[in-house]
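Read through the structure below, which is laid out as structure tokens, and then see the notes.
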Amino acid sequence: MRSVKHLVIGAGVHGLSTGWHLAEQGEEVLIVDKTGVAAGASGIACGVVRNNYFQPAMSELMAACVEIWESDPETFAYHGSGYIALGDGAQEEDLASVFERQQRIGYGSELITGQAEVAAHMQGMFADWRAPGLSVCLHEHQGGFAYNRDSMLGLASKARAAGAELEEGVEVTGFELDESGTVTSVETSDGPIGVEQVVIAVGPWVATMWELLGLPRRLEVAGVEQEMWTYWYLQEGEVAVDPSEFLTSDGSVPPVLHVDSHAPLHADDGSVVTEDQWGIYFKQDKESVQGGASPLPQGHEFKVDPYPTGSVDPGFPDLWCAALSHCLERFEGTRPLYRQVRSGGVGAFTADNFPVFDYMRPNVFVAADSNHGYKMIAVGREIARVLGGEHSALLHPFRYERFATGDLHPVSNSPYPWS
């Protein structure tokens, strides 16, 4: 039986980043994936990199992640164009709190309040901006977006260059544990592998690994029993618009735009799409304009393979395209250009919708990212530090025991379960 000091399961952002940083420390590391690099959620992510988080721990971790994205934009296919969140009503207080926190940690952003002031700020970038009633704008001058698969291939190249081995087409089928619960070997489709340390970074497949480790599917959260995993399908799509048509007035790549609004939403023909609160995000992609809206709940059981599965709500294309036109006149008439692409996918969310980064067996570290994963490229660096015996202040707030102690993350007024 062959053996390795560190076995990393999963070749998405967390697995590749962990392997890269372990190898940079001179450690022996093998990364395996049952399909290949970026075959799961990281390979079809919309690619947004932002720090618009109401939760202090998320904000601090994302600041560290943005630093890594910025460190090698060419390899990571990263565009540091910024990120803008716009809202009204209860969003005003939330975004002001986020802004204050960003200022404390030195993250570059500005806050604009008041409907006239917000409109002027947006029209300064986009002459055809026309979304009414928005009273708060958090403009992050850091962050932006990256091309999903290209960035993961770049990350894999860094891991290999640092000395990590990467084997594709190797599926993990079980774990051999001793009496203490320590994993002594990992069963794979390519035979058993003896291990000293295991990192599980498999995104939406985490429930399968969780079960193979004998971990509970139900748990107490501040005294209330809940399911550990809830699946959400991410609604994303694109319009076949030349990305060069989506630039700022000075010809620059635009920030990622996220709009939450209570304004009635109409299609271009004047018909009502919704009179309820709605929210969308959108950005340039290689050959289109891409984005999404609120995710669809899928319950506590979901067949993840083949990935991605599920579909958008039948009304999503109408809502998303109407919202694009609601915000920018240039998108009027683009509904016929909508196309459903291989993006979005399903995510496995934890009991409080935030990640678990923790040892779940004496030598098994689990990165259960609760679908925050793609942007969090620094998590692998922190995992490598923890495996080396260091304490990570950035990962500590995401320990598993928070569910039992009630030390949970605060909840914002956003319609998104992860903000």
Backbone N or O of [Y] within a donor-acceptor pair of the [X] side chain at under 3.5 Å?
X: His21; Y: Ser17; result: yes
X: Gln235; Y: Leu296; result: no
X: His262; Y: Gln277; result: no
X: Asp358; Y: Met360; result: no
X: Ser109; Y: Phe99; result: no
X: Trp278; Y: Ala263; result: yes
X: Lys283; Y: Cys46; result: yes
X: Arg399; Y: Leu395; result: no
X: Gln284; Y: Phe246; result: yes
X: Ser370; Y: Thr350; result: yes

Neighbour count above 12 (heavy atom, 6.0 Å) for [X] [atom1]:
X: Glu168; atom1: CD; value: yes
X: Glu74; atom1: CD; value: no
X: Gln123; atom1: CD; value: yes
X: Glu287; atom1: CD; value: no

Do [X] and [Y] come close enough that some side-chain heavy atom pair is under 4.5 Å?
X: Glu167; Y: Leu30; value: yes
X: Leu212; Y: Met209; value: yes
X: Val4; Y: Val195; value: yes
X: Lys158; Y: Leu16; value: no
X: His326; Y: Pro132; value: yes
X: Gln55; Y: Met62; value: no
X: Asp88; Y: Ser261; value: yes
X: Trp129; Y: Leu134; value: yes

Before you tell me yes or no, could you show the steps for Ser392 and Arg385 under side-chain contact (heavy atoms from CB on, under 4.5 Å), namely the whole-Å CA-CA distance, both residues' side-chain angles and the distance that decides it to 0.1 Å?
CA-CA 7 Å; Ser392 171; Arg385 289 174 173 172; 5.5 Å; no

Do you know the tightest heavy-atom contact between [X] and [Y]?
X: Ser249; Y: Ala127; answer: OG-N, 3.5 Å
X: Phe76; Y: Ser71; answer: CE1-OG, 4.0 Å
X: Ala39; Y: Asp33; answer: CB-OD1, 4.5 Å
X: Leu337; Y: Val241; answer: CD1-CG2, 4.0 Å
X: Ser81; Y: Val256; answer: OG-N, 4.3 Å
X: Asn52; Y: Ala85; answer: ND2-CB, 3.4 Å

Salt-bridge present ([X], [Y]; N to O < 4.0 Å):
X: Asp305; Y: Lys34; value: yes
X: Asp128; Y: Arg130; value: no
X: Arg217; Y: Glu301; value: yes

Distance (rounded to the nearest 0.5 Å) between [X] [atom1] and [Y] [atom2]:
X: Ile84; Y: Met125; atom1: CD1; atom2: CE; value: 3.5 Å
X: Leu138; Y: Leu95; atom1: CG; atom2: CG; value: 5.5 Å
X: Glu24; Y: Leu22; atom1: CD; atom2: CG; value: 10.0 Å
X: Glu117; Y: Leu111; atom1: CD; atom2: CG; value: 11.0 Å
X: Leu213; Y: Ile200; atom1: CG; atom2: CD1; value: 4.5 Å
X: Asn363; Y: Phe175; atom1: CG; atom2: CZ; value: 10.0 Å

Parallel, tilted or perpendicular for [X] and [Y], by the 30°/60° rule?
X: Tyr400; Y: Phe403; value: perpendicular
X: Phe282; Y: Phe331; value: perpendicular
X: Phe354; Y: His372; value: parallel

Check: Picking from Arg50, Gln142, Lys375, Glu140, what satisfies side chain to side chain contact (heavy atoms under 4.5 Å, CB included) with Val66?
Finding: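 Of Arg50, Gln142, Lys375, Glu140, side chain to side chain contact (heavy atoms under 4.5 Å, CB included) with Val66 is met by Gln142 alone.
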
* **Residue of the set Gln290, Glu236, His258 for which side chain to side chain donor-acceptor pair (under 3.5 Å) holds with Tyr281** =>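 The passing option is Glu236.
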
Is there a donor-acceptor contact under 3.5 Å linking the side chains of [X] and [Y]?
X: Thr188; Y: Asp190; result: no
X: Asn51; Y: Ser59; result: yes
X: Asp369; Y: His14; result: yes

Discussion item. Test side-chain contact (heavy atoms from CB on, under 4.5 Å) on Tyr359 and Val364; report intermediate values, then the result.
Written reply: CA-CA 5 Å; Tyr359 275 107; Val364 179; 5.6 Å; no

### Message
Under the criterion side-chain contact (heavy atoms from CB on, under 4.5 Å), I'd like the reasoning laid out for Asp352 against Arg402: C-alpha separation, chi angles, the key distance, then a yes or no.
### Response
CA-CA 10 Å; Asp352 69 351; Arg402 73 176 187 270; 2.9 Å; yes

### Criterion side-chain contact (heavy atoms from CB on, under 4.5 Å) on Arg381 and Leu394, from CA distance to verdict
CA-CA 11 Å; Arg381 182 192 68 189; Leu394 294 176; 4.1 Å; yes

Item to check | ring-ring contact (aromatic ring centres under 6.0 Å, His included), paired with Trp69, selected from Phe145, Tyr374, Tyr83 | outcome: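 Result for ring-ring contact (aromatic ring centres under 6.0 Å, His included) with Trp69: Tyr374.
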
Here's one to test your reading of the geometry: is the NZ or CZ of Arg149 within 45 degrees of the ring axis of Tyr147 and under 6.0 Å from its centre?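 No, cation not above the ring by the 6.0 Å, 45° rule.
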
